[in-house]
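Notes for the one structure printed next.
Positions are given from 1 along the sequence. Basis for what follows: all heavy atoms, side chains included, without hydrogens, waters or symmetry-related copies.
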Amino acid sequence: MTLLQMNRRFSRVESGVDLKDYFDRGDIASRENRWNFEVAWEVANKVGGIYTVIRSKAYVSTEEMGEQLCMMGPYKEVCARTEMEEMEFPRGNPLLDAVNSMRSRGYKIHTGRWLVDGNPQLILFDIGSAAWKLDQFKSEMWEKCHIGIPHLDIETNDAIILGFMIAEFLEEFRNFAVTYSQNHDLNPPRIVAHFHEWQAGVGLIVLRTRLVEIATVFTTHATLLGRYLCAGNTDFYNNLDKFAVDEEAGKRQIYHRYCLERGATHLAHVFTTVSEITGFEAEHLLKRKPDIITPNGLNVKKFSAIHEFQNMHAVAKEKINEFVRGHFYGHMDFDLDKTMYFFIAGRYEFGNKGADIFIEALARLNAMLKHERPDTTVVAFLIFPTKTNNFNVDSLRGHAVIKQLRDTINNVQQAVGKRMFDTCLKGHLPNSADLLEKDDLVKIKRCMYAMQRDSMPPVTTHNVADDWNDPVLASIRRCHLFNSVHDRVKMVFHPEFLTSTNPLFGIDYEEFVRGCHLGVFPSYYEPWGYTPAECTVMGIPSVTTNLSGFGCFMQEHISDPKSYGIYIVDRRYIGLEDSIQQLSTFMMEFSRLNRRQRIIQRNRTERLSDLLDWRTLGIYYRQARVKALQAVYPDYVDESAIYGSRSNLVFSRPHSEPPSPTSSRHTTPAPSVHGSDDEDSVDEETELKELGIK
């Protein structure tokens, strides 16, 4: 990449280092007799974040590798029924020969295609069919690696069975592939097996200890010990080089799992992590520096018109408005046109996900808004699934009352319209006193009186089990954020994931994100961070930290992240108090933006989506596979390889950014010259130029 190219402004990512350069549906791989197997516990098995990684990457993987790609994991009937279309491999295919060989040993194996974009080939292993060999597998693991597995650890037992089944399958496949190649005068088969996380890593250990000639890649998305240490409220990042890792793993009764993860890390030909921060963690906890960083991407779908996602934001926001009207009935003392929606979501890890500093920062934001912008309201949603007893009756009642009022108003409106039409038909000008009858007023008054409430709106939509010890509710109580009439920050704790069948919201998570104004994810431990990444591709600004993989990635690739709607809180180099103050300042800066400025910022944020597309980031996975192949097959040359680095690709400061501080907001969009908040007022020449509008 030339200096001129590096310095030019990118409205979309433009680079020769793109995975789409290799989209040939496996034509080159087939001619080279190159095979790729991707192994993970969450293939067609929705458990956590790795499922999102594997699923979203499936399309670009099949576009690159075609039928030379196969994904493998455990057969979980509940998920497989809806995720997999069962079918056999075609005759003469070494995959079918290897499957039949395994079945002849008594193993149950399901083959077919994954019902996701790309429809990759699937091989799922029924763990129960090999359970009778568990003791034999454990014995081999002890004899060759000196790793003992406790009998009562069911999850590790299942990982051992799956790992040995996959290793045996790959060994069989290689033997059949060699025979097939010799019979058809093909190049010798070159096979790469890519293993995700410690559960799948057992298969890698078995392959390497049995000396099977297969190139291996191991990716850790988050270290096992790192998760446990952070959950224990340790000063994790400042003590990474001081932890006695064996002792710490032993204290938490995960030493055998830690040994499996570390063993896979060191035996792999190529070791990768999803971010620089996780690589730093792995270097100290797993004692190996990653060879390549493989960031997580998303399958980004572009809109034909630039305003289309803005329209979707408006539609989704109106649905959230409807929830707010019901939840805060009787206390709707704020203007929804001057209300902003902030949210945090994810696994219920109170400290790791940064919910603690989010609530504390909201309390400070509340005080600042009361003083500086009393007409602005922020509704903060906290979406963390936890155990509940049922919906909060007050929340359900509010939505029923609002529905009754709406239905009554609609009926009165129809009646008034009919009377007005009849009066005009007779040639008379309607009189307001004749249009609204006494009976109509009585109905409206009844609905209005039903909306009165003595208590404040609830801070939670459900009755949380053991609510007195719940960390979110305890923190809300401590900060006195009780949704009083004087509070400018309103709290809504929704302790379950959002679905379209939810009786309160009636929208799924993606639509909810589109309707919000700002996602806040001040995580302390976040190896990557899909939640802020999802916000970015939907054009929603977000807050992240320099301890999340996403935050570090954005700092590296964007010269001024704030101007693109990416606010990065420093949780690594400054104290907790300073981090909270910084977060509250960011949220206050965002609250000062008018509607037009928020529209401009959303346009900028959405432009970053190409940076997070698998078409862009998938190249790192390809480079990891090529490096592993060259370690096992020294004569292998990747003719089409383009070893560029996206670290050179930097989004520069937008043209429309003011060059000097404006009202202390040096990285927010320039304020409107005419003070217009209308959506169609984005007419500044530099901004239009930046948006590509002539």
Side-chain angles (χ1 to χ4, degrees), residues 9-14 18 20 52 56 59-60 116-118 297-323 336-337 339-343 345 498-500 505-519 530-542 554 558 563-566 590 593-617 651 654-656 668-670 672 676-694:
R9 190 182 132 271
F10 288 90
S11 61
R12 290 277 180 242
V13 174
E14 297 174 17
D18 250 16
K20 60 178 178 285
T52 306
S56 62
Y59 173 76
V60 297
V116 297
D117 287 345
L298 287 162
N299 217 358
V300 177
K301 295 179 181 176
K302 291 292 174 191
F303 299 110
S304 55
I306 198 165
H307 62 269
E308 203 169 333
F309 79 95
Q310 297 279 12
N311 295 341
M312 294 175 73
H313 165 76
V315 171
K317 186 178 76 171
E318 184 51 40
K319 293 183 179 181
I320 301 176
N321 285 348
E322 196 61 23
F323 165 82
L336 287 178
D337 286 335
T339 298
M340 282 177 277
Y341 300 136
F342 297 178
F343 80 100
L498 290 170
T499 62
S500 55
F505 285 90
I507 56 177
D508 59 19
Y509 176 74
E510 181 177 334
E511 195 173 6
F512 171 80
V513 172
R514 285 196 185 278
C516 287
H517 296 91
L518 182 70
Y530 257 121
T531 40
E534 287 166 341
C535 285
T536 302
V537 300
M538 286 188 249
I540 304 300
S542 61
M554 285 301 178
I558 308 174
S563 63
Y564 284 92
I566 308 294
F590 188 86
L593 302 182
N594 61 35
R595 189 182 180 195
R596 175 181 177 275
Q597 291 170 317
R598 293 198 302 270
I599 291 168
I600 294 171
Q601 192 176 64
R602 282 199 296 274
N603 283 331
R604 291 182 190 156
T605 304
E606 193 272 341
R607 285 207 303 277
L608 298 177
S609 58
D610 276 343
L611 196 59
L612 299 169
D613 195 336
W614 273 122
R615 292 171 181 82
T616 303
L617 299 179
F651 277 68
H655 280 319
S656 57
T668 55
S672 170
S676 170
D677 283 354
D678 183 52
E679 285 207 25
D680 297 324
S681 65
V682 186
D683 54 5
E684 188 181 345
E685 184 178 348
T686 50
E687 187 60 36
L688 291 175
K689 181 181 176 183
E690 188 176 356
L691 300 183
I693 301 171
K694 296 181 180 178

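If you run side chain to side chain contact (heavy atoms under 4.5 Å, CB included) between Y564 and each of M554, R604, Q601, only R604 comes through.
Side-chain atoms of H517 and H313, non-hydrogen and from C-beta on, do get closer than 4.5 Å to each other. Between Y530 and L612, every side-chain heavy-atom pair lies at or beyond the 4.5 Å cut-off. The shortest distance between side-chain heavy atoms of I540 and R602 falls below 4.5 Å. The side-chain heavy atoms of F512 and K319, taken from C-beta on, include no pair separated by under 4.5 Å. Within the 4.5 Å cutoff, no side-chain heavy atoms of E606 are placed close to those of T536. Side-chain contact check for I320 versus I507: some heavy-atom pair is nearer than 4.5 Å. Between I599 and Q310, the closest side-chain pair of non-hydrogen atoms falls below 4.5 Å.
C535 and V513 get closest at one heavy-atom pair: SG-CG1, 3.9 Å. Minimum heavy-atom separation, T616 to L611: CG2-O, 4.2 Å. The heavy-atom pair separating W614 from S56 by the smallest distance is NE1-OG, 2.8 Å. Considering every non-hydrogen atom in both F309 and M538, the closest pair reads CD1-O, 3.7 Å. Taking all atoms of both residues into account, the shortest heavy-atom contact from Y341 to C516 is O-CB, 3.7 Å.
Considering CG of N299 and CG of D117, their distance stands at 5.5 Å, rounded to 0.5 Å. Distance CE/M340 to NZ/K317: 10.0 Å, rounded to 0.5 Å. The CD1 atom of I558 sits 8.0 Å away from atom OG of S563, with the distance rounded to the nearest 0.5 Å. Taken to the nearest 0.5 Å, the CG atom of D613 stands 5.0 Å off from the CZ atom of R615. E511 CD to L498 CG: the interatomic distance, rounded to the nearest 0.5 Å, is 10.5 Å.
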Discussion item. Under the criterion side chain to side chain contact (heavy atoms under 4.5 Å, CB included), I'd like the reasoning laid out for T531 against Y509: C-alpha separation, chi angles, the key distance, then a yes or no.
Written reply: CA-CA 11 Å; T531 40; Y509 176 74; 3.7 Å; yes
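Judged by distance alone, with hydrogens and angles left aside, the side-chain atoms of Q597 form a donor-acceptor pair with the main-chain N or O of N594 at under 3.5 Å.
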